[in-house]
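This report concerns only the one structure given below.
In what follows, every chain begins at residue 1, and chains take the letters A, B, ... in the order their sequences are listed.
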There are 2 protein chains.
Amino acid sequence: MQIRNGRMAAPPALDALDNSIIDILRTNGRATNQDIAQQLSVTAATVSARLQKMEDARAMRVVAVTDFAARGYNVIIAVGVRVQGRGIQEVGRDLAKFPEVLSVNAMNGGYDLELMVALHDFSEVQEFLYDHISGIDGVAQIDSGVAVDIVKYEFNVVPLGPT
Amino acid sequence: MQIRNGRMAAPPALDALDNSIIDILRTNGRATNQDIAQQLSVTAATVSARLQKMEDARAMRVVAVTDFAARGYNVIIAVGVRVQGRGIQEVGRDLAKFPEVLSVNAMNGGYDLELMVALHDFSEVQEFLYDHISGIDGVAQIDSGVAVDIVKYEFNVVPLGPT
DNA sequence: ATTGAAAGGAGTTGGAC
DNA sequence: GTCCAACTCCTTTCAAT
């Protein structure tokens, strides 16, 4: 059981206009302020001000995401990991360094860590688990991957961190 | 066991420059082409061309993400769901509609669906599970949430879909 | 908090290498 | 594939409401 970080909950402070701007940028993060303004019947200056406010408040961020399928990663597997002799977060951060590792969650119950891993095909599974995952210090046990079909991924959940 | 979609693996086709551009946009999706160009010692015209190429190929996309912590969501829980009497994907898509639901995965083995849910605090867990999740047609069993601490979320994994 | 206008900055296109 | 240059378009700021 863990609160995400030391930060207090920020004021919600996002009104309907803020949310409309976010909605447009969720589809196209490089939409121009003028385009956004036109769609929402305000001026570009307003959009500019709102965006700065939200970025300063760390309520929103625009980022590039890559389509793993377009890059030839067609298989997603979930991998359970048990940790021994080292901090769970620490081991998780090491595992997170692999580009194939999409997500790392420290779970309270069941496994210590659950990973989502993107691979080109199933023939890579054994190799990845045993050559890469199990080579990390502190990884005591791996429960070999279960294929996953992604219905929704809405992330951005990571604390946005210092600028 | 499921291949992500009907699409064939696209040519990798991303060279070092493409990847450098993506790296910069991963930090700031609204970086100007000129800024990017300067950091990589090319011209803005080149960056513009590369970005169009990658967007057309659906290899990359720039999107807005919101920081759930900044919006007052401090607790992430994993919820296992078993489905009966309805298609798993179909139920998954219904569950995906809740704004609190960050991710929905159809797992092969264990639960049929695994959700990640963002809530303001633990007092909301029971209410959300029983008032919202269990109300969806086809949800046969819920394994109540396990708190999760996110180490990495690198997603973008969803097929990008038609423009 | 939003606007309008203005000045500086950025995006894109076409032609040359 | 990249560059240069020009044109067009966008972003931001500030005074005013």
Could you tell me the separation between the CG atom of Asn28(A) and the P atom of dC10(D), rounded to a whole number of Å? 13 Å

With Ile21(B) as partner, the option from Val42(B), Leu51(B), Leu14(B), Thr46(B) fulfilling side-chain contact (heavy atoms from CB on, under 4.5 Å) is Leu51(B)

In terms of heavy-atom contacts, does CD of Gln84(B) have more than 12 from other residues, nucleotides or ligands at under 6.0 Å? no

Give the B/S/- string for nucleotides 12-17 of chain D, one per nucleotide from 5' to 3', where a protein heavy atom under 4.0 Å of the base yields B, of only the sugar-phosphate yields S, and otherwise -. BB----

Using salt bridge (Lys or Arg N to Asp or Glu O under 4.0 Å) as the criterion, list what pairs up with Arg86(A), not counting sequence neighbours. Glu90(A), Asp94(A), Asp137(A)

Side chains of Met54(A) and Arg61(A): closer than 4.5 Å at any heavy-atom pair? no

If you pin Arg30(B) and Arg50(B) to their nearest nucleotides in DNA chain D, which one's is more 5'? Arg50(B)

Side chains of Val81(A) and Ile133(A): closer than 4.5 Å at any heavy-atom pair? yes

Would you say Gln38(B) has more than 12 foreign heavy atoms packed within less than 6.0 Å of its CD? no

Global bending angle along the helix from dA1(C)-dT17(D) to dC17(C)-dG1(D), which compares the axes of five pairs at either end, to 10 degrees: 40°

Using a heavy-atom cut-off of 4.0 Å across all strands, would you classify Leu17(B) as base, sugar-phosphate, or nothing? sugar-phosphate

Suppose the criterion is ring pair (Phe, Tyr, Trp, His ring centres under 6.0 Å): which pairs have a residue in residues 88-107 of chain B, not counting sequence neighbours? Phe98(B)-Phe128(B), Phe98(B)-His132(B)

If the condition is salt bridge (Lys or Arg N to Asp or Glu O under 4.0 Å), which residues does Asp112(A) pass it with, not counting sequence neighbours? none

Is a donor from one side chain sitting under 3.5 angstrom from an acceptor on the other, for Arg50(B) and Asn33(B)? no

Leu102(B) vs Ile76(B) side-chain heavy atoms within contact, under 4.5 Å: yes

Positional range of nucleotides in DNA chain C within the contact set of chain A, heavy-atom, under 4.0 Å: dA1(C) to dG4(C)

Rounded to whole angstroms, how far apart are CD on Gln38(B) and P on dC4(D)? 13 Å

